[in-house]
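Lettering of chains follows the sequences in order, A, B, ..., and the numbering in each one begins at 1.
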Amino acid sequence: MESTNEAARPRDFIREIIDEDNRTGKHAGRVHTRFPPEPNGYLHIGHAKSICLNFGLALEFGGKCNLRFDDTNPTKEDEEYVQSIEEDVRWLGFEWNEQPFYASDYFPQLYDWAVQLIKAGKAYVCDLNAEEMREHRGTLTAPGKNSPFRDRSVEENLDLFARMKAGEFPDGTRTLRAKVDMASPNLNMRDPVLYRILHATHHRTGDQWCIYPMYDYTHGQSDSIERITHSICTLEFENHRPLYDWFIKELGIYAPQQIEFARLNLTYAMMSKRRLLELVREKHVSGWDDPRMLTIRGLRRRGYTPEAMRSFCERIGVAKFNSTIDMLVLENALRDDLNKRAQRAMAVLRPLKVVITNYLEDQVDELEAINNPEDPTIGTRKVPFAREIYIEQDDFREDPPKGFYRLAPGKEVRLRYAYFITCTEAVKDAAGNVTELRCTYDPATRGGNAPDGRKVQGTIHWVSAKHAARAEVRLYDHLFSKPDPDDVPAGQDYRANLNPNSLELLSNVPVEPFLANAKPGDRFQFERQGYFCVDTKDSAPGKLVFNRSVSLKDSWAKQEKAQQGKPQAKKK
RNA sequence: UCAGGGAUCGGCUAAUGGCAGGCCGCCUGGCUUUGAACCAGGUAGUGGUGGUUCGAAUCCAUCUCCCUGAGCCA
């Protein structure tokens with residue numbers, strides 16, 4: 001791997017540790033990390049933070065990063081997840097060292113080490129069932145009691161463990177435990193289980209094993225086998241570190257250095273795999289790749305770019321403090337990336353028909369539009385203009401509030417890249433709703449400039465009615481309506497905070513003609529609206545579907561809201 | 001109650017005994033054929049109390065608050 005030129009990157013506490021290790025020669029200058037997911041679910045944005053950290057470190061320090069599947073629980077894991085995880089890591093832009101590794105490849109070695117521990121009198125077969133074991137464990141403040149099986153002879157333990165492996169005992173009847181200290185204030189040290197009996201088929205080792213090592217017994221040794229220098233994990237494993245160190249010491253093997261950091265939390269979101277699964281199972285979302293899901297696949301389908309994801313991970317930093325990142329940071333990372341690259345287009349989400357009364361019935365204009373003002377290299381395109389066009393309902397007010405500089409009766413605005421128009425009449429239905437606008441245009445303003453130098457304050461987007469392609473547009477909002485989804489009245493759970501408006505469907509939306517040829521995954525900025533991408537699942541030729549990735553910032557909406565909020569604030 | 005961690009502007013994060021800085025947000029203003037982007041300015045912080053020191057976010061003591069931990073899950 002190449003090291004990137006990122007000298008300017010701020011030094012977080014992990015990079016400082018590595019700097020120091022390199023200075024003192026602790027790992028002989030090596031930097032070797034790993035990303036160790038369990039293949040029991042899809043990766044989410046929290047994993048992305050860990051991925052960017054581990055792979056990023058390897059890149060920056062000229063080291064290596066392994067992808068290792070921690071597949072020690074066959075009842076929950078599946079090959080399908082292995083595939084999706086590899087795909088997601090690659091999509092984020094990272095390449096792992098050699099082939100993916102699997103903890104299951106170390107089962108034979110782990111077994112031999114268990115035998116070694118038994119022989120050294122450091123492990124024993126325990127016949128306690130789960131409930132009895134819990135009773136013996138003690139509490140946070142009270143020490144545990146030794147298992148009655150703790151002092152079995154080495155010979156008996158060896159025999160029993162071999163028979164466990166041979167499948168002589170049913171699930172749950174026996175375990176292999178480490179002999180550490182039942183009085184330790186650290187519950188992880190109270191004779192933790194090393195192996196449990198599980199007559200289950202493993203996605204890689206099949207029915208070869210009926211005993212499976214526990215995560216705690218597997219993880220540290222796997223790191224050791226792979227000669228990992230910096231074993232980076234989340235805060236909840238801090239309490240486990242003494243146990244990992246105990247295994248390494250008793251086994252006399254290479255010692256990786258574990259460093260813990262705080263996992264990612266985001267406002268209006270949940271990160272736990274269990275709950276993500278519930279959202280899918282209970283059909284609150286359409287699947288793991290629902291664009292509202294903060295899974296990597298969900299974000300990808302939503303229109304997020306790998307660059308935006310990496311930039312986000314860089315912006316949030318790494319620390320031990322349990323923090324919650326504002327969802328805005330994620331959204332801004334996307335906006336920043338797409339602003340520079342996304343081709344512009346016009347689409348009218350909530351159309352209001354406008355008839356240009358002084359424009360000839362059969363006349364058509366081809367106007368030149370800039371594809372991206374931020375990037376002149378991608379050139380221009382032609383946009384057809386005709387007598388009947390659509391504009392956004394929001395861009396007209398019969399009774400405009402102060403500061404509104406879009407269209408209103410008698411007012412003039414610029415149609416982007418086209419002409420100045422002046423509203424002469426608002427046509428209404430019986431209920432008094434404005435259904436259509438009559439306007440006149442000024443032929444001298446073709447392209448959007450007035451030769452007489454007069455200015456208009458507003459520029460609005462539009463689409464020619466008869467030239468428009470039609471699309472379905474899906475507007476997404478936060479899945480939860482509160483910054484903290486767990487902020488619920490007593491007796492309720494996060495489901496009470498599910499945002500009923502997290503998906504708004506717009507059909508038959510008029511969009512610029514060229515968009516008819518857009519391909520799944522293509523990204524655009526719909527001017528004055530936001531960034532949209534062609535859905536990769538439901539869009540097809542003749543049936544365009546756009547997902548809103550993120551809206552543009554809207555300072556007018558903010559200003560108007562503030563104005564409306566003022567009188568209320570006074571009342572209070 | 002025990003053990004292990006943690007606490008710096010509204011949010012995130014620097015400063016490692018020597019001017020508390022950056023990003024985001026928010027507010028002003030500029031610019032503008034996207035009320036976007038961009039540019040400029042502003043706002044605002046060391047959890048409390050004592051101590052050491054010429055000097056403390058940083059070291060010491062003490063208090064407070066928060067997180068994690070009693071799976072044969074990871």
Peer 1: OP1, OP2 of B/U68 versus side-chain N and O of A/Arg241: anything below 4.0 Å?
Peer 2: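 So the side-chain polar atoms of A/Arg241 never come under 4.0 Å of the phosphate oxygens OP1 or OP2 of B/U68.
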Peer 1: In terms of side-chain heavy atoms of A/Arg528, which of B/A3, B/U8, B/G35 is nearest?
Peer 2: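 My answer, after comparing the listed nucleotides, is B/G35.
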Peer 1: Both distances under 3.5 Å, Watson-Crick or G-U wobble: report the partner of B/G42, or none.
Peer 2: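 Result: B/C26.
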Peer 1: Would you say the side chain of A/Gln529 and the base of B/U34 hold a donor-acceptor pair, judged only by whether the two atoms sit under 3.5 Å apart?
Peer 2: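 When only heavy-atom distances are counted, A/Gln529 does not reach the base of B/U34 through any donor-acceptor pair under 3.5 Å.
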Peer 1: Check whether any side-chain N or O of A/Ser555 sits under 4.0 Å from OP1 or OP2 of B/A36, and answer yes or no.
Peer 2: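 Answer is yes, contact under 4.0 Å.
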Peer 1: For B/C59, what is the paired nucleotide under Watson-Crick or G-U wobble rules, both distances under 3.5 Å?
Peer 2: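 Pair assignment: B/C59 / B/G51.
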Peer 1: What nucleotide, of B/C72, B/A15, B/G69, holds the atom closest to the side chain of A/Glu16?
Peer 2: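 Nearest listed nucleotide: B/A15.
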Peer 1: Parallel under 30°, tilted from 30 to 60°, perpendicular over 60°: which one fits the rings of A/Tyr441 and A/Phe385?
Peer 2: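 Judged by the thresholds at 30° and 60°, the geometry between A/Tyr441 and A/Phe385 is tilted.
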Peer 1: So what does A/Glu260 touch, heavy atoms closer than 4.0 Å: a base, only the sugar-phosphate, or nothing?
Peer 2: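 Contact class for A/Glu260: none.
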Peer 1: Report which part of the nucleic acid A/Gln559 touches: base, sugar-phosphate, or nothing (heavy-atom distance under 4.0 Å, all strands).
Peer 2: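 The answer is base, as A/Gln559 lies within the cut-off (heavy atoms under 4.0 Å) of a base atom.
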Peer 1: Out of B/C26, B/U34, B/G35, which has the shortest distance to the side chain of A/Lys558?
Peer 2: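 The listed nucleotide nearest to A/Lys558's side chain is B/C26.
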Peer 1: Starting from P on B/C24, measure out to CD on A/Glu314 and report it in whole angstrom.
Peer 2: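 Distance check: A/Glu314 CD to B/C24 P gives 14 Å.
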Peer 1: What nucleic acid atoms does A/Phe69 come within less than 4.0 Å of, heavy atoms only: base, sugar-phosphate, or nothing?
Peer 2: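 Counting heavy atoms under 4.0 Å across all strands, no contact is made by A/Phe69.
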Peer 1: So which nucleotide does B/C2 pair with, by the Watson-Crick or G-U wobble rule with both distances under 3.5 Å?
Peer 2: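 Pairing partner: B/G69.
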Peer 1: Between A/Tyr405 and A/Trp556, does the ring centre distance come in under 6.0 Å?
Peer 2: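 Judged by ring-centre distance (under 6.0 Å), A/Tyr405 and A/Trp556 do not meet the cut-off.
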Peer 1: Using the purine O4'-C1'-N9-C4 or pyrimidine O4'-C1'-N1-C2 torsion, is B/G55 syn (within 90° of 0) or anti?
Peer 2: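 Anti for B/G55; the angle lies over 90° from 0.
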Peer 1: I want to check something: taking the side chain as every heavy atom from C-beta on, are A/Glu260 and A/Arg241 in contact at a cut-off of under 4.5 Å?
Peer 2: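 Yes, their side chains come closer than 4.5 Å.
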Peer 1: Rounded to whole angstroms, how far apart are CG on A/Asn372 and C1' on B/A37?
Peer 2: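 So the two atoms are 10 Å apart, to the nearest Å.
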Peer 1: Side chain of A/Asn239 only, heavy atoms from C-beta on: which candidate in B/A36, B/U16, B/G4 is closest?
Peer 2: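 Out of B/A36, B/U16, B/G4, the nucleotide with an atom closest to A/Asn239's side chain is B/G4.
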Peer 1: Hey, what's the ring geometry for A/Phe532 with A/Phe546, parallel, tilted or perpendicular (30° and 60° as the breaks)?
Peer 2: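 Geometry flag for A/Phe546 against A/Phe532: perpendicular rings.
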Peer 1: Any side-chain N or O of A/Arg263 less than 4.0 Å from the OP1 or OP2 oxygen of B/G5?
Peer 2: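 A/Arg263 to B/G5 OP1/OP2: no side-chain N or O under 4.0 Å.
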Peer 1: In terms of relative ring orientation, are A/Tyr195 and A/Tyr111 parallel, tilted or perpendicular, with 30° and 60° separating the classes?
Peer 2: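 If you compare the ring of A/Tyr195 with that of A/Tyr111, the planes turn out perpendicular.
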Peer 1: For A/Tyr405 and B/G35, do the ring centres fall under 5.5 Å apart while the planes stay under 30° apart?
Peer 2: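 So yes, this residue stacks on that base, both cut-offs being met.
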Peer 1: Using a heavy-atom cut-off of 4.0 Å across all strands, would you classify A/Thr324 as base, sugar-phosphate, or nothing?
Peer 2: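 Sugar-phosphate contact only - A/Thr324 comes under 4.0 Å of backbone atoms but never of a base.
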Peer 1: Base, sugar-phosphate or nothing for A/Tyr417? Non-hydrogen atoms, less than 4.0 Å.
Peer 2: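 Base, at least one base heavy atom under 4.0 Å.
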Peer 1: Is A/Asn40 touching bases, backbone alone, or none of the nucleic acid, heavy atoms closer than 4.0 Å?
Peer 2: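 No contact.
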Peer 1: Compare the minimum distances between each of B/G25, B/A74, B/G6 and the side chain of A/Leu328, then state the nucleotide with the smallest one.
Peer 2: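 Nearest to the side chain of A/Leu328 among the choices is B/G25.
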Peer 1: Nearest to the A/Asn339 side chain among B/A70, B/A36, B/A37, which nucleotide is it?
Peer 2: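 Comparing B/A70, B/A36, B/A37 against the side chain of A/Asn339, the answer is B/A37.
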Peer 1: For A/Leu128, report the nucleic acid contact type (base, sugar-phosphate, nothing); a contact means any heavy atom under 4.0 Å.
Peer 2: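 A/Leu128: base contact, heavy atoms under 4.0 Å.
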Peer 1: I want to verify a distance call: between B/C24, B/G69, B/C72, whose nearest atom is closest to the A/Val329 side chain?
Peer 2: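 Given the options B/C24, B/G69, B/C72, the side chain of A/Val329 is closest to B/C24.
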Peer 1: Looking only at side-chain N and O atoms, does A/Lys553 come under 4.0 Å of OP1 or OP2 in B/G25?
Peer 2: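 Affirmative; the distance criterion is met.
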Peer 1: For A/Phe237, which contact category applies under a 4.0 Å heavy-atom criterion: base, sugar-phosphate, or nothing?
Peer 2: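 Base, at least one base heavy atom under 4.0 Å.
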Peer 1: Report yes if a donor N or O on one partner sits less than 3.5 Å from an acceptor N or O on the other, where the partners are the side chain of A/Arg134 and the base of B/G71; otherwise report no.
Peer 2: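 Such a pair does not exist between side chain and base.
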Peer 1: Respond yes when some side-chain nitrogen or oxygen of A/Thr72 is under 4.0 Å from OP1 or OP2 of B/A74, and no when none is.
Peer 2: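 The answer is yes; a side-chain N or O of A/Thr72 sits under 4.0 Å from OP1 or OP2.
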Peer 1: Among B/A36, B/C24, B/A74, which nucleotide has an atom closest to any side-chain atom of A/Glu374?
Peer 2: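 Ranking B/A36, B/C24, B/A74 by closest atom to the A/Glu374 side chain puts B/A36 first.
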Peer 1: Taking atom CZ of A/Arg446 as the centre, does the number of heavy atoms from other residues, nucleotides or ligands within less than 6.0 Å exceed 12?
Peer 2: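 Enclosed.
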Peer 1: Between A/Glu77 and A/Arg204, does any NZ, NE, NH1 or NH2 come within less than 4.0 Å of an OD or OE carboxylate oxygen?
Peer 2: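 Salt bridge between A/Arg204 and A/Glu77, a charged N being under 4.0 Å from a carboxylate O: no.
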Peer 1: Using purine N1 to pyrimidine N3 plus N6-O4 or O6-N4 for Watson-Crick, or N1-O2 and O6-N3 for G-U wobble, each under 3.5 Å, what pairs with B/A7?
Peer 2: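 Pairing partner: B/U64.
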Peer 1: Quick check for you: among B/C72, B/G35, B/C12, whose closest atom lies nearest to any side-chain atom of A/Phe404?
Peer 2: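 Side chain of A/Phe404 sits closest to B/G35.
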Peer 1: What does A/Met133 touch in the nucleic acid at a heavy-atom separation under 4.0 angstrom: a base, only the sugar-phosphate, or nothing?
Peer 2: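 Base contact - A/Met133 has a heavy atom under 4.0 Å of at least one base atom.
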Peer 1: Taking the side chain as everything from C-beta on, heavy atoms only, tell me whether A/His136 gets closer than 4.5 Å to A/Asn146.
Peer 2: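 Of all side-chain heavy-atom pairs linking A/Asn146 with A/His136, none is under 4.5 Å.
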Peer 1: Within the structure shown, what part of the strands sits under 4.0 Å from A/His219 by heavy-atom distance: base, sugar-phosphate, or nothing?
Peer 2: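 Touches nothing.
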Peer 1: Between B/U13 and A/Arg315, counting only base atoms on the nucleotide and side-chain atoms on the residue, is there a donor-acceptor pair under 3.5 Å?
Peer 2: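 Such a pair does not exist between side chain and base.
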Peer 1: Please classify the nucleic acid contact of A/Ile325 as base, sugar-phosphate, or nothing, using heavy-atom distances under 4.0 Å.
Peer 2: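 Sugar-phosphate, backbone atoms only, no base.
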Peer 1: For A/Asn73 and A/Thr75, test the side chains for any donor-to-acceptor distance below 3.5 angstrom and give the result as yes or no.
Peer 2: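 Per modelled atom types, A/Asn73 and A/Thr75 side chains form a pair under 3.5 Å.
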Peer 1: With sugar-phosphate meaning primed atoms plus P, OP1 and OP2, does A/Asn322 contact a base, only sugar-phosphate, or nothing at under 4.0 Å between heavy atoms?
Peer 2: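 Sugar-phosphate contact only.
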Peer 1: Heavy atoms under 4.0 Å, any strand shown: does A/Ser323 hit a base, just sugar-phosphate, or nothing?
Peer 2: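 Answer is sugar-phosphate: A/Ser323 comes under 4.0 Å of backbone atoms only.
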Peer 1: For the pair made of CG in A/Asp394 and C1' in B/A36, what is the distance, rounded to whole Å?
Peer 2: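 Rounded to whole Å, this separation is 16 Å.
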Peer 1: How is A/Gly403 classified with respect to the nucleic acid when contacts are heavy atoms under 4.0 Å: base, sugar-phosphate, or nothing?
Peer 2: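 Base contact - A/Gly403 has a heavy atom under 4.0 Å of at least one base atom.
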Peer 1: Below 4.0 angstrom from OP1 or OP2 of B/A37, is there any side-chain N or O of A/Arg344?
Peer 2: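 No, A/Arg344 has no side-chain N/O under 4.0 Å of OP1/OP2 on B/A37.
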Peer 1: Verify the contact: side-chain N or O of A/Asn332 to OP1 or OP2 of B/G25, cut-off strictly under 4.0 Å; return yes or no.
Peer 2: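 Answer is yes, contact under 4.0 Å.
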